Each structure stands twice: as structure tokens, then as C-alpha cells.
2 protein chains.
Amino acid sequence: MSARTEQLLKEKKIKITANRILILELLLNSSHSLSIADIEEDLPWADRATIFRTLKTFEDNALLHAIKDNEKSVKYAVCSDACQVDHHKIHPHFHCDVCGNTFCLSEYNFQLPQLPDNYTANKYSLIINGICSNCQK
Amino acid sequence: MSARTEQLLKEKKIKITANRILILELLLNSSHSLSIADIEEDLPWADRATIFRTLKTFEDNALLHAIKDNEKSVKYAVCSDACQVDHHKIHPHFHCDVCGNTFCLSEYNFQLPQLPDNYTANKYSLIINGICSNCQK
DNA sequence: CTCAAGTTTGCAATTAAATTGCATCCACAT
DNA sequence: ATGTGGATGCAATTTAATTGCAAACTTGAG
Ligand SMILES: [Mn+2]
Ligand SMILES: [Mn+2]
Ligand SMILES: [Zn+2]
Ligand SMILES: [Zn+2]
């Protein structure tokens, strides 16, 4: 297990198990967010329910966040530090219509819009569809 | 059938049927977006599959748009004219965490963020969670 | 080191929404 | 008025998410 993985789990007091190590490292090493099915594919011996509950545990402990990018299934990405700061406020993510990958634009800030009168905002979720740099012709 | 309903359907060359009239009027008269289940509840004699295909037809003809507000089911709202202009670009919607309703903020404009190099945007979907004016204490 | 207590896991089953096949029915252009 | 392509109802299927439960783990106290 990498030092980073161990640190993240201990920091959040999450019990260290084989499943959690491998799922977390998979997410840490991925350039884009992953669905439960993606993880199942990469860890064929792992059980779907276990992956589901592992991700839920990570999410509950703010180790990652769930991204609903308008595709069929939910994707997950590890929170970068920058992302974690406003973990429950701003979530800009980019979905590439060519490769189908979803990227977390955690560094990326956008101007918060002014809401109509008497509306209070708790959280913003922004999904941008388009073409990523890898797929640019 | 209201004049507005008739006009919308004829304009888009959608065959006029009892189902379509009632579903469209339901959406037109609703202050917030509706799920298939919501429509089923309001039109108990209507078939789920028919509602589904009716909404799909409306969506294909840009009469309404689908909203994925991070709840379990997709919601639908009729496009206002203002909304239609940028129908495929900007979709700000507000989900109230108290009443659970989702509102189309079609008039509402926000500053488009600058994307990282080599990223091209086709569409923005913004979901804002919070408390709506009706639910404000 | 050993063990108990509480967690996590695997497997199977269930939920819930979206989606489809197909035979029949209907809107509407001619 | 009528024929035809599209719309509908009903039942079945798909697919992802979610849960129940007993067995297998992790960890810290002794
Ligand atoms: Mn993020
Ligand atoms: Mn809209
Ligand atoms: Zn791409
Ligand atoms: Zn409300």
C-alpha cells in the first residue's frame, strides 16, 4: 500500500482492508472518475456490493465525491485538497462526449450566480459537456 | 385544450392526442418540474410507458427538457422561450432541499467559466441545491 | 500473543426507474 | 370516408442501486 493511501485511510479512521486499499489506489491513480462498473472491471475478483459500500464509506468520510454526469451510472473521484475545501459547495466536472470520461475540475472556479430573491443556495453542481484535451482533433 | 397547448403541438408537428394534451397542460401549469411518477399520480389512468414516450417525443422536439437534479428520478419541465434559446447550452435549475421541488431558472444567466486549455464546451448543466422562496422560514 | 467485539465482506435477493416488444387503436392527410 | 404510419396499453425486460444475512475479517484490550 502506498504511503498516501495509508495516510488517507488512517487520517479518516477508516479500517484498512484489502478492498479499500485497492479501490482507493485505483481512484487515486485514475485520471478520470470511475463508476462501480469501471471498478468491477479493474478488480474482477471484487464484489459489486462491497465496492458500493466501500465507496459509500469513502464518501461519508469526504475521501471522495459522487458525480452525476447525466450518464447512466454515478461516477466517483477522490477529493483533491482544493476540492475538499468547498466539498459541499462547488463541484465543477467535465464530461467528454468523445471518450466518455468525466474529469474533476477541482482547481477550477466559477462566478457564483446571483439567485432570485429569497432563494438560499447550499451547493452547486456544474457538469460541463464537451470535448476534452485528449480528444481534441 | 388550451390555445397555448394546441399551438405548441401544431408548431412542432406533434400529433394531437388526449395523452399529449393532458401531459403537456400538466407541465405547463406546474410551477415546478415533474417526474414520470408525478405525472402518473396526476393522471392515474395514464400508462407509464405512454408517459415516458410522450415525454421523449416532447424532448426530441425541444418542447421540454429533462433535468437530472441528483434525486432518484428524472424531472421534466416545459421550455420557456428564454430557455429555448440556449436549450442545449445553459441549464440552471434549482432543487429545494425542503419541499423537494425543482425549478427551472430559465431567465437566469451565469458567468460562463473559462475552461482549461484545449477543452471545448457544448453544454452546461447547473443544479443548485438549497431552499426555495416558498420554504424560506 | 490471544481473543472478543464490532466491522467488513461475499453472495443472493430486492428495489426502483427506465426502457422495450408487440398487437391493437387512432389521428389526420388525401 | 378511408388507409397508413404513428400512438397506445399491457406485460416483460434491463440496468443500476441497494439491502439482508451469515461468515470472515481487523483491531485494540488484556
Ligand atoms: Mn470535485
Ligand atoms: Mn431550462
Ligand atoms: Zn475525451
Ligand atoms: Zn421549497
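Given the structure is predicted, the values throughout are model-derived calculations rather than measurements. In what follows, chains carry the letters A, B, and so on, assigned in the order in which the sequence lines appear, proteins first and then strands, with residues in each chain numbered from 1.
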Worksheet entry | With A:Arg53 via salt bridge (charged side-chain N to carboxylate O under 4.0 Å, His left out) - residues at least two apart | none
Item to complete: Mind checking ring pair (Phe, Tyr, Trp, His ring centres under 6.0 Å) for B:Phe94 and listing every partner two or more places apart, or none if nothing turns up?
Response: A:Tyr119
Discussion item. In the structure I gave you, are the side-chain heavy atoms of A:Lys123 and B:Ile128 within less than 4.5 Å of one another anywhere?
Written reply: no
Can you check nucleotides 25-30 of chain D for protein contacts, nitrogen or oxygen pairs under 3.5 Å, and list what you find?
unit_1	atom_1	unit_2	atom_2	d
D:dT27	OP1	A:Ile16	N	3.3

Worksheet item: Which is true for B:Thr54 with a 4.0 Å heavy-atom rule: it touches a base, it touches only sugar-phosphate, or it touches nothing?
Response: sugar-phosphate
Fill in: Pair B:Thr54, B:Asn19: side-chain N/O donor-acceptor within cut-off below 3.5 Å
no
Worksheet entry | Distance-only donor-acceptor test, B:Arg20 side-chain atoms vs D:dG6 base atoms, 3.5 Å | no
Worksheet entry | Those residues that, when tested against A:Asn118, pass side-chain contact (heavy atoms from CB on, under 4.5 Å) (two or more places apart) | B:Ser133
Fill in: Outermost DNA chain C nucleotides near chain B [under 4.0 Å, heavy atoms]
C:dA17 to C:dC28
Worksheet item: Separation of A:Asp47 atom CG from D:dA17 atom P, in whole Å?
Response: 14 Å
Practice prompt. List in chain and number order the residues that pass side-chain contact (heavy atoms from CB on, under 4.5 Å) with B:Gln7, two or more places apart in sequence or in another chain; answer none if no residue qualifies.
Written response: B:Glu11
Discussion item. Holding to side-chain contact (heavy atoms from CB on, under 4.5 Å), I want the full list of residues that pass it with B:Asp60, two or more places apart in sequence or in another chain.
Written reply: B:Lys56
Fill in: Stretch residues 24-46 of chain A: residues that reach within less than 4.0 Å of DNA chain C through a heavy atom
none
Worksheet item: Quick one: the side chain of B:Arg53 and the base of D:dG9, do they pair up donor-acceptor inside 3.5 Å?
Response: yes
Discussion item. Among residues at least two apart in sequence or on other chains, which ones pass side-chain hydrogen bond (donor to acceptor under 3.5 Å, both in side chains) with A:Ser73?
Written reply: none
Worksheet entry | Protein-nucleotide distance (A:Arg48, atom CZ; D:dT18, atom P), rounded to Å | 12 Å
Discussion item. I'd like to check the salt bridge (charged side-chain N to carboxylate O under 4.0 Å, His left out) partners of B:Asp42; sequence neighbours left out, ordered by chain and number.
Written reply: none
Worksheet item: What residues, two or more places apart in sequence or in another chain, satisfy side-chain hydrogen bond (donor to acceptor under 3.5 Å, both in side chains) together with B:Lys15?
Response: none
Worksheet, complete the sentence: In numerical order, the residues of residues 68-75 of chain B whose heavy atoms come under 4.0 Å of DNA chain C are B:Ser73, B:Val74
Worksheet item: Whole Å only: how far is the CG atom of B:Asn61 from the P atom of D:dG6?
Response: 13 Å
Fill in: B:His95 and B:His32 aromatic centres sub-6.0 Å
no
Practice prompt. Answer yes if the side chains of A:Ser2 and A:Thr5 hold a donor-acceptor pair under 3.5 Å, and no otherwise.
Written response: yes
Worksheet item: Taking atom CD1 of B:Ile67 and atom OG of B:Ser35, what is their separation to the nearest 0.5 Å?
Response: 11.0 Å
